[in-house]
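Everything quoted here is computed from the prediction, not taken from an experiment.
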Amino acid sequence: MTAAGLDDRKLATILFADLVGSTALAGRLDPETLRTIMMDYFDLMAVTIESSGGTVEKFIGDAVMAVFGVPTTHEDDARRALLAARDILARLAVFNDRLAQDFDVRLQVRIGVNTGEVIASRDASRREALVAGEVVNLAARLEQHAGPGEILVAADTAAAVGPLAVLGPRRDLAVKGKAGTIPAYPLLDVLPDEPEATRRFDLPFVGRARELATLDLALDRVVTDGTAGTVLMQGDPGIGKTRVLSEWLGRAGNAAGPPRAAVVRCRNYAEDGSLRPLQDLLAQLAGPDGAVNALAVSASPYAEAYAYVVERLEAAASSRPLVVVIDDCHWASTMLIEVLDRLAEDLADVPLLIVCAARREIAELFPSFGRGAVNFTSLELIGLGADDMMRLAAAFDDITAHDATALAMHVDRAEGNPLHLEQLLSAARDGSSPAELPPSVRALISARIDVLGETARLVLDGAAIIGREFSTADVTRLIEMPGGEPVVAAELRTLARRHLLDAVRRPTGTTHRFASGLIHDAVYQAMTKGRRADLHLLYVEQLSDRGATDAEIGGQLEQAYRCRAELGSSSAGLAAVRTSAAERLVAAGVTALRRVDIPWALNLFGRAVAVASPDDPQWPRATLHHGQALLAAGRRADALAAWRDARESALRHGHAALAAHADLLAAPIDPDAPCPADVARRHLTRFENEGDDLGIARARLAIAEESNGAGQHRAAVAELRAALPSAVRAGSDIERANALGALGFALWWGPQPADDAIAECVALLRDHAAGHTAVRATLGYPLAVLYAMAGDQARADAMVGAVRESSEALGHPEGTVFVPLLTAAVATLGDRGDVADAALVDADRAARRLASPYLRRAVDRALVRRHLDVGRADLAVAALADHTAAGPPSDRADLEGLAARVAAASDDAARAARHAAAAVAVAAATDSPVALATAHLDVAHVHRLLGDPVRARVAADAAFTAYMRKGHLVGAGWAAALRA
């Protein structure tokens, strides 16, 4: 299919104008006279509409329907429509004066204007049914509500025109076919399109030091040499050319003072003559009290007009250097460009700097422009850096409505373009969906695309389906281009020259990529949804043939499904596409989850849940895995809700094993669930009978966690050694990492001597860590502490670094707490109190940010112990105040010991004795020499504080013995020091 045979979804503005009282007029006039008047009226309407860049689609009785943006999009179509509406009233007033004189009649019109998405043919010759869509109907309804001589504007049109539209008070209209009311505004005036009126010049000026320095250098050459120079500043729309020049002119100059400056603009459609910018320039140079013969430029023969311009510029530059800025030169006429080139050569001995700002297409329009100047400078503006863009975003109005994540998303999407950032933030502030392109940005990009040839449009369509980056071969296969790959390659090179695409060098060869994500979005959204769906499904076939990933294929199926569903399709074929999309996305998510790539897993499972129907068999599985990713991301409440939904749906579909997995996963965070180990024991036999290795690993891990929490670490080790092979066979990094982390914890706290525990952890790390980042984090944590306990501080520090690196790579929120906690523990064992204090501050800050009770308890216990060890009893009291001695024995023994020390520091001997006895009793019921030694050491501190050295020595002896039994050499040293 050729591009001319296709339809597009386009942003267009529709104008409806209808005569008021035409029936009465027909009763007064002879049919021949009436026909003559109406023909003249229709001619007036057509000329007015077309002079503003619109197209008259049809005349319906006395009404006129016009469209702006079809067949060719302009970046200001909405404003053009309002200008046309305003001019219709103005020209009709003149026309009415003649009618009143000749026939004693006057015509009155009412006008409605609306902006929105329409379906239009790419073939400009197909004038029948040029556009279709609800936007057309609403424009007609607005016209019917307008009064005689009034223009009613829809809210979307007002938003698209922005501050250039002067509007009256809002009216809420009840419109046929619409529920409720719609807002409309009477148009009072349309302001000139000046940058200061449409751009946020109140935002801070950021970056651009290189560009300002280049302009300064160009001006210095003009001033120093007394010769003319030309600067051509190029950049994409919205990149900040006008703002840079405005800022530079405000600070330009040297010891002799600032130069004289004049700034003019070229316009984007023919409302003025070819040399109008020169007329504006001469008027500025003359000043408010001067006189200038503007007609000398517009009406005189070329030679005389040119001589007059040269004369005026020479005179203006005679007293001090002159800077002439001509903005938007990409809209300049060929004649104006020729004049500017001649001026640079003929005024070579005049201190004149001509600065032309243009979009980058000027290089194709006028490739030799400026090259003949004595001093020529080419300056290209590229996107601002992320830091500068964040500064702009932070200065935007109502920024409190945006969180840091949303701001970063908008900054990332704008890709260094300040105008795009402004429009994205404005749209977000007004409640638009993040997926929608703001109308102003879409119009800017669509205007660049609409001027392309048929072949280029087809190439862009295929590329947009493939994604942000694509190969020549992929596009060729997808769109089946006549002429094959050479034709596609040539078009891609042309599109790159137009800066719609960028060439990207990869190890496998050169590919192409859309120059910005917004350009990709605009191209994609311009295709009809039916065509998008067809191309997505065609590309799925090609991806399947070459063995693409589940994520790639699932993404294409997902888009095909969404496009057809939005068109209202409910066919069996659509259900099959939906199911296939969900299956592929779930499979890709499982792969990501096994690699512990949590952000990507969240993305994939979230999309799978959204695309699948709750009645689809894939839905409970997708929801189950989504819960895992949510929990790993720290979203416990969302994870629990997902698992409850998964269990209910699984049982409804008869998937008992899937429901068992949901039970098991939810139990640790569900306050209404039985003990997780009891849930695990209930389901373990099912998992074993069905050969469900993942279920076996999860169940045994839950049972082992109960043993670890009860302080029965020997039993936990046995259970975890049995769980590990199942986790490995299941291919799940999460279960493997959790099992190894729990095993390391049991070896750390359990009765196995430290040297043996270290040896086993090292062997496990060697066997399981390669290619498994999560394993290095979870098993590295207890191994680092074991090294420090044994006095090997160098290996301990190295392992802390490895855990930090792995945790940062994983991006788990809880890692921001656990890594500083580990750092503090190892630093404390190495007698580096300042490092421990700093790390605990970081851990406390991160735990408060995550608002997790479990993390808060772990950090508080570490803080209390540190405060007590260095004599900060008052801070220890405050940190311990909100904690009770509930929880597993390992936690209870720790809390009882800390409470005993806090009481002793407050001279509360009775309470200290009660907590001390409880600490030893709880620890003694475990098989952990570390817990028992710590409890005895806390008791020794208590007796020392209470002035009982004999009991303190007995407790320190007991701590020393337990520490030595574990091989905890550092702890033994603490006990020995306290005993002495």
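- Met233 places a side-chain heavy atom less than 4.5 Å from the side chain of Leu381.
- Listed here is the closest heavy atom pair of Val113 and Ala81: CG1-CB, 4.1 Å.
- Aromatic pair Phe42/Phe59: centroids less than 6.0 angstrom apart.
- For the side chain to side chain donor-acceptor pair (under 3.5 Å) test with Asp236, the passing option among Arg359, Arg360, Lys241 is Arg360; the others fail.
- At distances below 3.5 Å, not a single donor-acceptor pair connects side-chain atoms of Asp40 with backbone N or O atoms of Ile37.
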Practice task
Mind running side chain to side chain contact (heavy atoms under 4.5 Å, CB included) on Leu460 and Leu501 for me, showing each step along the way?
Solution key: CA-CA 9 Å; Leu460 280 180; Leu501 306 177; 4.2 Å; yes
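- Here the side chain of Arg243 pairs no donor or acceptor atom with the backbone of Gly238 at under 3.5 angstrom.
- Here the OG-CD distance, from Ser446 to Glu75, works out to 11.0 Å after rounding to the nearest 0.5 Å.
- Side-chain contact between Phe369 and Leu340 is present, with heavy atoms from C-beta onward closer than 4.5 Å.
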Exercise for the section: Might you work through the side chain to side chain donor-acceptor pair (under 3.5 Å) test for Thr528 and Asp7, ending with a clear yes or no? Expected result: CA-CA 7 Å; Thr528 60; Asp7 290 338; over 6 Å; no
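- Remark: Leu164 CG to Asp189 CG distance equals 10.5 Å, nearest 0.5 Å.
- For Ser52 (side chain) and Ile49 (main-chain N/O), no donor-acceptor pair under 3.5 Å exists by modelled atom type.
- Looking at Gln284 and Val264, their side chains come closer than 4.5 Å, going by heavy atoms from C-beta outward.
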Handout entry: Test log, rule side chain to side chain contact (heavy atoms under 4.5 Å, CB included), inputs Glu422 and Leu419
Key = CA-CA 5 Å; Glu422 290 176 24; Leu419 176 62; 4.2 Å; yes
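- Within the 3.5 Å criterion, the main-chain N or O of Phe68 finds no donor-acceptor partner in the side chain of Arg80.
- Side chains of Asp450 and Thr72: no donor on one and acceptor on the other come within 3.5 Å.
- The main-chain N or O of Val47 is found under 3.5 Å from a side-chain atom of Ser51 such that the two form a donor-acceptor pair.
- The two atoms that bring Leu152 and Pro186 nearest to each other are CD2-N, 3.8 Å, heavy atoms only.
- Between Asp87 and Arg91 no salt bridge is recorded (no basic side-chain N to carboxylate O distance below 4.0 Å).
- Under the 3.5 Å distance criterion, the side-chain polar atoms of His520 are left unmatched by any main-chain donor or acceptor of Ser516.
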Practice task
Could you walk me through whether Thr157 and Thr115 pass the side chain to side chain donor-acceptor pair (under 3.5 Å) test, one step at a time?
Solution key: CA-CA 5 Å; Thr157 306; Thr115 300; 2.7 Å; yes
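- Taking the side chain as every heavy atom from C-beta outward, Leu82 and Val153 approach each other to under 4.5 Å.
- For the atom pair CG (Leu138) and CG (Leu142), the distance works out to 4.5 Å, reported to the nearest 0.5 Å.
- Inter-residue side-chain proximity for Arg448 and Leu500 is flagged as met; some heavy-atom pair is nearer than 4.5 Å.
- You'll find the side chain of Asp156 stays beyond 4.5 Å of the side chain of Pro439, heavy atoms only.
- Considering all non-hydrogen atoms of both residues, Leu458 and Leu6 come closest at CD2-CD1, 3.8 Å.
- Salt bridge status for Arg170 with Asp172: present, with a side-chain N to carboxylate O gap under 4.0 Å.
- Taking all atoms of both residues into account, the shortest heavy-atom contact from Asn417 to Pro237 is ND2-O, 2.8 Å.
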Practice task
Mind running side chain to side chain contact (heavy atoms under 4.5 Å, CB included) on Gln144 and Lys176 for me, showing each step along the way?
Solution key: CA-CA 11 Å; Gln144 292 163 7; Lys176 181 180 178 182; over 6 Å; no
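- Pairing each heavy atom of Thr230 with each of Ala344, the nearest pair is OG1-CB, 3.5 Å.
- Using a 4.5 Å cut-off on side-chain heavy atoms (C-beta onward), Leu495 and Leu452 make contact.
- Interatomic distance, CD of Glu143 versus CG of Asp18, reported as 4.5 Å (0.5 Å rounding).
- Within the 4.5 Å cutoff, side-chain heavy atoms of Ile354 are placed close to those of Leu343.
- Across every non-hydrogen atom of Ala78 and Thr13, the tightest pair is CA-OG1, 3.4 Å.
- Taking NZ from Lys178 and CG from Asn137, the interatomic distance works out to 8.5 Å, rounded to the nearest 0.5 Å.
- Although no hydrogens or angles enter the test, the distance criterion places no donor-acceptor pair under 3.5 Å between the side chain of His145 and the main chain of Ala184.
- Remark: the backbone N or O of Leu107 is paired with a side-chain donor or acceptor of Asn96 at under 3.5 angstrom.
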Handout entry: Full working for side chain to side chain donor-acceptor pair (under 3.5 Å) between Tyr524 and Asp461
Key = CA-CA 7 Å; Tyr524 184 82; Asp461 287 351; over 6 Å; no
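- Taking CD from Glu361 and CH2 from Trp331, the interatomic distance works out to 9.0 Å, rounded to the nearest 0.5 Å.
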Practice task
In sequence, state the C-alpha distance, the side-chain angles, and the governing distance for Phe514 and Asp521, and then conclude on side chain to side chain contact (heavy atoms under 4.5 Å, CB included).
Solution key: CA-CA 10 Å; Phe514 281 93; Asp521 292 348; over 6 Å; no
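- Residue-environment remark: CZ (Arg35) stays at or below the threshold of 12 foreign heavy atoms within 6.0 Å.
- For the side chain to side chain donor-acceptor pair (under 3.5 Å) with Thr494, the qualifying choice from Arg498, Glu491, Arg497 is Arg497, the only one to do so.
- For the side-chain contact (heavy atoms from CB on, under 4.5 Å) with Cys356, the lone residue among Val231, Asp328, Leu232 that qualifies is Leu232.
- Paired with Glu117 under the rule side chain to side chain donor-acceptor pair (under 3.5 Å), one option of Arg442, Lys10, Gln525 passes, and it is Arg442.
- Between Glu150 and Arg171, at least one side-chain nitrogen of the basic residue sits less than 4.0 Å from a carboxylate oxygen of the acidic one, meeting the salt-bridge criterion.
- The pair Arg265-Asp280 does not count as a salt bridge, with every side-chain nitrogen at least 4.0 angstrom from each carboxylate oxygen.
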